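Have a look at the structure below, then the notes.
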Amino acid sequence: MSAPVRIVFYTFLNGISRNVYQVLFNLYLKNFGYDNSIIGKIMSFNLWGSAILAVFLGILSDKLGRKKMLLFVQPLGALFAIMRLFPVNLTWLYATSFLFGGFNSAIMILTDVFLVESTHNKNRAKFFGMNFGVRMLTGVFGNALGGFLGDVFGFRNVMIWSMVLRIFALIPILKINEVVVLKEK
C-alpha cells in the first residue's frame, strides 16, 4: 500500500472516530445539565485552541517531521478528549477543550501537509480529492453511527471507545517512510 493510500485510510479511521465523538459531545454536556451559554464557551475555548495551538504545532512539525508530530499529537488529542468527559469544574472543561481543539486541528493540518509531501504533482490532485471525499463521507457516517451507538451504549462509553479507535487509526501511518523536504535558507 502506497503512502498516499495509507494516509487516506488513516483519514477514514480518524474521521469516523472524530465525528462519532463530536456529534455526541454537546449532547453529553446537555445531559450533564450545562446550559447553552456554557456549552458555547466550551466550544469557544475549543476554537481558540484550534487557532493558537494548532499553528504552533504546525510550525514545530517543520522541525520534527509530520509523522513524528502525528504520532505525538494524536494520542494527546484522544487523551484530552477523554479528559473532557469527566468535568471536575468549568475551568477543567475550558482547559481540556482548548487543548483538545488545538490537537484536533493540528491532526488535520498535519495530515494535509503529510499528504502533499507523500505525493507527486502528477497524482496529488487525485489523492487530495480522495482524502476530501473520505473526510466528507466520515462526517456523515460518523455522525449517524455516533447517534445510533450513543443511544444504545451511552454517550460517554461511545466517546471513549471512539478515542481509542482514533489512536489505532495511526497504524497505517506507522509504515510510511517520511520524505524529508530539504529547505533552503
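Note that the coordinates shown come from a computational prediction; the quantities given were computed from them, not determined experimentally.
- Under the side chain to side chain contact (heavy atoms under 4.5 Å, CB included) rule, N14 has a single partner from N19, V134, I107, which is I107.
- Separation of atoms CG (L60) and CE (M69) is listed at 4.5 Å; rounding is to 0.5 Å.
- Under the 3.5 Å distance criterion, the side-chain polar atoms of R66 are matched with a main-chain donor or acceptor of S61.
- Environment of CZ in F128: crowded, with over 12 heavy atoms of neighbouring residues, nucleotides or ligands closer than 6.0 Å.
- K30 and N36 form a side-chain donor-acceptor contact under 3.5 Å, judged by distance and modelled atom types alone.
- With R124 contributing its side chain and V116 its backbone, the two residues share a donor-acceptor pair below 3.5 Å.
- Using a 4.5 Å cut-off between side-chain heavy atoms of Ile, Leu, Val, Met, Phe, Trp and Tyr, with links allowed through other members, F25 and L90 fall into the same hydrophobic cluster.
- Within the model, atoms CG of N46 and CG of L93 stand 11.0 Å from one another, a figure rounded to the nearest 0.5 Å.
- From M163, atom CE reaches atom CZ of R18 across 9.0 Å, with rounding to the nearest 0.5 Å.
- Shown here for F32 and P87, the closest heavy-atom pair between the two residues is CE2-CG, 3.5 Å.
- No path of Ile, Leu, Val, Met, Phe, Trp and Tyr side chains, each step under 4.5 Å between heavy atoms, connects V164 with L24, placing them in separate hydrophobic clusters.
- Using modelled atom types, no side-chain atom of S97 and backbone atom of Y94 make a donor-acceptor pair closer than 3.5 Å.
- Looking at S50 and S105, their side chains do bring a donor and an acceptor atom within 3.5 Å of each other.
- Considering CG of L13 and CD1 of I173, their distance stands at 10.0 Å, rounded to 0.5 Å.
- Ring geometry for F72 versus F103: interplanar angle over 60°, hence perpendicular rather than tilted (30 to 60°).
- A donor-acceptor distance shorter than 3.5 angstrom exists from the side chain of D35 to the backbone of I38, with no hydrogens or angles considered.
- From F100, atom CZ reaches atom CZ of R84 across 5.0 Å, with rounding to the nearest 0.5 Å.
- Judged as a side chain to side chain donor-acceptor pair (under 3.5 Å), and not counting sequence neighbours, the contacts of Y28 are R156.
- In the hydrophobic clustering, where aliphatic and aromatic side chains (Ile, Leu, Val, Met, Phe, Trp, Tyr) are joined below 4.5 Å either directly or transitively, M136 groups with F132.
- Ring centers of Y10 and F168: at least 6.0 Å apart, outside the cut-off.
- Hydrophobic clustering of Ile, Leu, Val, Met, Phe, Trp and Tyr side chains at less than 4.5 Å, counting indirect connections, keeps L64 apart from V113.
- In terms of modelled atom types and a separation under 3.5 Å, the side chain of K67 and the main chain of L174 share a donor-acceptor contact.
- A distance-only check finds a donor-acceptor pair linking the side chain of W92 to the backbone of M83 [under 3.5 Å].
- I7 has its side chain out of reach of P172: every pair of non-hydrogen atoms, C-beta onward, lies at least 4.5 Å apart.
- At distances below 3.5 Å, at least one donor-acceptor pair connects side-chain atoms of N143 with backbone N or O atoms of G139.
- Expressed to the nearest 0.5 Å, how far CG of L165 lies from OH of Y21 amounts to 14.5 Å.
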